[in-house]
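For reference, the structure is listed below as structure tokens.
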Amino acid sequence: MPTRDRPIRTRYAPSPTGPQHIGGIRSALFGWLFARRHGGQFILRIEDTDQKRSVRGSVEQIVASFDWLGLDIDEGPHIGGDYGPYVQSQRLDMYQGWANWLVEQGYAYRCFATPEELAEMRKAGRGYDRRYRDFPADRSAERAARGEAHVIRFKMPLAGTTSGIDSIRGEVAFDNAQLQDAVLLKSDGFPTYHLAHIVDDHAMRISHITRAVEWLPSFPLHLHIWHAFGWEKPQFAHLPVLLNPNGKGKLSKRKQQFADSQGKSVPVLVHEFQSAGYLPEAVVNFLTNIGWNFGDDREVFTREEAISRFDLQDVNPANSAYPIAKLDWLNSQWIQRVDANDLARRLKPVLESVGYAVDEALLRKVAPTLQVRLKSLNDVLRMAGFFFESWSDFAAPSAEIVIQRKMDASSTLDILRGALPLLEALDNFSPEAQQAAMSAFAASRGLRNGAVFGSLRAAVSGQKVSPPTFDTMQILGKAESLRRVKLAMAALENTLS
RNA sequence: GCCCCAUUCGUCUAGCGGCCCAGGACGUGGCCCUCUCAAGGCCAAAACAGGGGUUCGAGUCCCCUAUGGGGCACCA
């Protein structure tokens, strides 16, 4: 039985198949949270034993994704560690050694069945018929020595049941008669997952194997392999997976975007979250809320707060539809929560990405007006991009934008004509002072505030929707604001003549 | 086909036999606030898959069915 007091070490062991998918992060996150909770280590190991599936550059993408999300890795191919190498293709001799050891000990055997024979057996409806399970050891060794292609298979018990403890769902039992003699070592000398992960998890002192539910069916196989080796077993936690937003099928790796019920496109790759303007804090918060909950109805919390409460036993065993709509809300919550200067820092690259030369001082003034208005960092473009356009190139907006509801060109012109000298007379151009003057003006003319404020908003921003009018004018400055009001007046005069 | 796992509002979830005529959140609808857009506040509609047991008592335990997910590769 595993002892409870060994150091907590968990790992994420992806295949290097390209950009990091959010489903993998979800699984990794729970292992990471658990390790951090217990002051243990979190390890990255690359499982590249299937040569055909390996994609160059994958490790860099995976590491970049973890970096962005702030999930720190203690040991891995990019940083090394005491139990390396952390790439399976660099550990081949270990797997071969242990596979042979299992054969020598009688726990495994060489199988010379050809791919054609296997295909026939499959067609016949059943799996591998164990035809080499009891093949004489001397003849087996002889054929291998002659260089005949073969794999090594594990001898599963033929009867009885195997049960194991899953940290999330408790005891799980399997009928041994249903299980197959799985391949441990392929004919190309590479191990399968079944062999490799056990050799590595043992060598790397992994205390808790956290992996997706699709591994549950091979759990009994793994238990027997651990037993054959005689190694202390880790604890196992088979994590639920993310389903598509409609609840149908596992969240796809192939379809990178698809429409949810609102017709929005849905990010599934980590870099897509980044480019869609989500904060990493929000993404982590979002993922943490699926299949686990904070415990006191809190939905918004930091990763540190989550660490302080996380336990694998509290993970909900059921798979869940990908509740992507909640991410937008969470993102807006996080945008409101971060410090305004921090928000400015995060907004800068977004503005630069569309070609603005960003004045940081200006951005720091704009950011506070945006905190309650952005769902995504990218919304800054639509809401406040005009601040970063060349001011001298500012063109008066069309009358259609300046003229407010129930107003016309001439009444709007009247408003601007009346407002201009009042604003000009202000020594203090604070939003409060502006608002006091403009409210009084509106009242004196019997106008709605909206008619006055809205005309000014459009005049100075060129937009129907913007940050509050008087904040906008303060940021633009009195001179620039008044210049724009005059521009709008001139444009309106033109439409009237 | 066989095996495993799961099943509470549309969705994410709380609930580990009585505190539940089921709580929170997102989304949706309404109202309030309001210079636009938001944010915020208040309110509303909305669920224990079905059927059998066990028990004084079941969303909570057991069984069956249904549905969903996964597995049955020399992929992980």
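Residue numbering restarts at 1 for every chain, and letters A, B, ... go by the order of the sequence lines.
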Does the protein touch nucleotides 71-76 of chain B at the base, only the backbone, or not at all? Give it as B, S and - per nucleotide, heavy atoms under 4.0 Å. SS-BBB
How would nucleotides 28-46 of chain B be written as a contact map, 5' to 3', with B for base contact, S for sugar-phosphate-only contact and - for no contact, using protein heavy atoms under 4.0 Å? -------BBBBSS------
Is there a Watson-Crick or G-U wobble partner for B:U34 with both distances under 3.5 Å, and which nucleotide is it? none
Does B:A58 have a Watson-Crick or wobble partner in any strand here, with both distances under 3.5 angstrom, and which is it? none
What integer number of Å spans the C1' atoms of B:G59 and B:A44? 24 Å
Using a cut-off of 6.0 Å, state whether more than 12 heavy atoms not belonging to A:E120 lie near its atom CD. no
At under 4.0 Å, does any side-chain N or O of A:N319 touch on OP1 or OP2 of B:A6? no
Ring geometry between A:H194 and A:W215 (parallel below 30°, tilted from 30 to 60°, perpendicular above 60°): perpendicular
A:R169 or A:N293: which one's nearest nucleotide on RNA chain B is closer to the 5' end? A:R169
List in chain and number order the residues that pass ring pair (Phe, Tyr, Trp, His ring centres under 6.0 Å) with A:F66, two or more places apart in sequence or in another chain; answer none if no residue qualifies. A:Y12
In whole angstrom, give the distance that lies between atom CD of A:E171 and atom P of B:A6. 12 Å
Answer for the Watson-Crick or wobble partner of B:G29, both distances under 3.5 Å, is B:C43
Inter-residue atom distance A:R457.CZ - A:I401.CD1, 0.5 Å rounding: 12.5 Å
Rounding to a whole Å, what distance do you find between A:W334:CH2 and B:C26:P? 16 Å
Checking all strands, does A:V172 fall into the base, sugar-phosphate, or nothing category for heavy-atom contacts under 4.0 angstrom? sugar-phosphate
Using whole Å, report how far CG of A:L327 lies from C1' of B:G27. 14 Å
If a pair satisfies side-chain hydrogen bond (donor to acceptor under 3.5 Å, both in side chains) and one of its residues is in residues 150-160 of chain A, list it, with sequence neighbours excluded. none
With a 3.5 angstrom cut-off on both distances, give the Watson-Crick or G-U wobble partner of B:G1, or none if there isn't one. B:C72
With P as the reference atom in both, quote the distance from B:C48 to B:U34 in angstrom, rounded to an integer. 41 Å
Atom pairs under 3.5 Å, N or O on each side, protein against nucleotides 8-10 of chain B: can you list them with distances?
none

Rounding to an integer number of Å, can you tell me how far A:D314 CG sits from B:G15 C1'? 13 Å
Measure CG/A:D328 against P/B:G27 and give the value in whole Å, please. 8 Å
With C1' as the reference atom in both, quote the distance from B:U7 to B:U65 in angstrom, rounded to an integer. 13 Å
Can you list everything that forms a ring pair (Phe, Tyr, Trp, His ring centres under 6.0 Å) with A:W334? Sequence neighbours excluded, please. none
Report the distance from atom CZ of A:F273 to atom CG of A:L327, rounding to the nearest 0.5 Å. 6.0 Å
With both distances under 3.5 Å as the test, what is the Watson-Crick or G-U wobble partner of B:U7? B:A66
Quote, to the nearest angstrom, the P distance that separates B:C26 from B:U55. 43 Å
What class does the angle between the rings of A:H202 and A:W226 fall in, given that below 30° is parallel, 30 to 60° is tilted and above 60° is perpendicular? perpendicular
In terms of side-chain geometry, is the basic nitrogen of A:E400 or A:K464 positioned less than 4.0 Å from the acidic oxygen of its partner? yes
Please name all residues satisfying ring pair (Phe, Tyr, Trp, His ring centres under 6.0 Å) with A:H197, sequence neighbours left out, ordered by chain then number. A:Y193, A:H222
Judged by modelled atom types alone, do A:S89 and A:D48 share a side-chain donor-acceptor pair under 3.5 Å? yes
The test is salt bridge (charged side-chain N to carboxylate O under 4.0 Å, His left out); show your working for A:D296 and A:R298 and say whether it passes. CA-CA 5 Å; A:D296 68 354; A:R298 235 186 300 179; 3.3 Å; yes
Could you measure between the two P atoms, the one in B:G52 and the one in B:G1, and give it in whole Å? 27 Å
Would you mind pulling out the nucleotide paired to B:A22, Watson-Crick or G-U wobble, both distances under 3.5 Å? none
Given the P atoms of B:C16 and B:U54, what is the spacing between them in whole Å? 24 Å
When the C1' atoms of B:C31 and B:C12 are considered, how many whole Å apart are they? 27 Å
For A:L330 and B:U11, give me the distance from atom CG to atom C1', rounded to whole Å. 14 Å
What pairs with A:D129 under salt bridge (Lys or Arg N to Asp or Glu O under 4.0 Å), at least two apart in sequence or on another chain? A:R131
According to side-chain hydrogen bond (donor to acceptor under 3.5 Å, both in side chains), does anything in residues 370-383 of chain A pair up with another residue at least two apart or in another chain? List the pairs. A:D379-A:R382
Quantified in whole Å, what is the C1' atom distance between nucleotide B:A45 and nucleotide B:A58? 27 Å
Take the angle between the ring planes of A:F286 and A:Y322 and call it parallel below 30°, perpendicular above 60°, tilted in between. perpendicular
Looking at every strand, decide which applies to A:G295 at a 4.0 Å heavy-atom threshold: base, sugar-phosphate, or nothing. nothing
Measure the acute angle between the ring planes of A:F294 and A:W292, then classify it against the limits of 30° and 60° as parallel, tilted or perpendicular. perpendicular
Atom CG of A:L239 and atom P of B:A6 are separated, to the nearest Å, by 14 Å
Is the ring centre of A:F453 less than 6.0 Å from the ring centre of A:F470? yes
Whole-Å distance, A:H238 NE2 to B:C5 C1', equals 11 Å
Roughly how far, to the nearest 0.5 Å, is the OG1 atom of A:T369 from the CZ atom of A:F387? 5.5 Å
Kindly give the atom pairs (protein nitrogen or oxygen, nucleotide nitrogen or oxygen) under 3.5 Å for nucleotides 58-66 of chain B.
none

Please enumerate all protein N or O atoms sitting under 3.5 Å from an N or O of nucleotides 22-24 of chain B, with distances to 0.1 Å.
{"residue": "B:G24", "atom": "N2", "partner": "A:E299", "partner atom": "OE2", "Å": "3.2"}

List in chain and number order the residues that pass side-chain contact (heavy atoms from CB on, under 4.5 Å) with A:A433, two or more places apart in sequence or in another chain; answer none if no residue qualifies. A:N428, A:S430
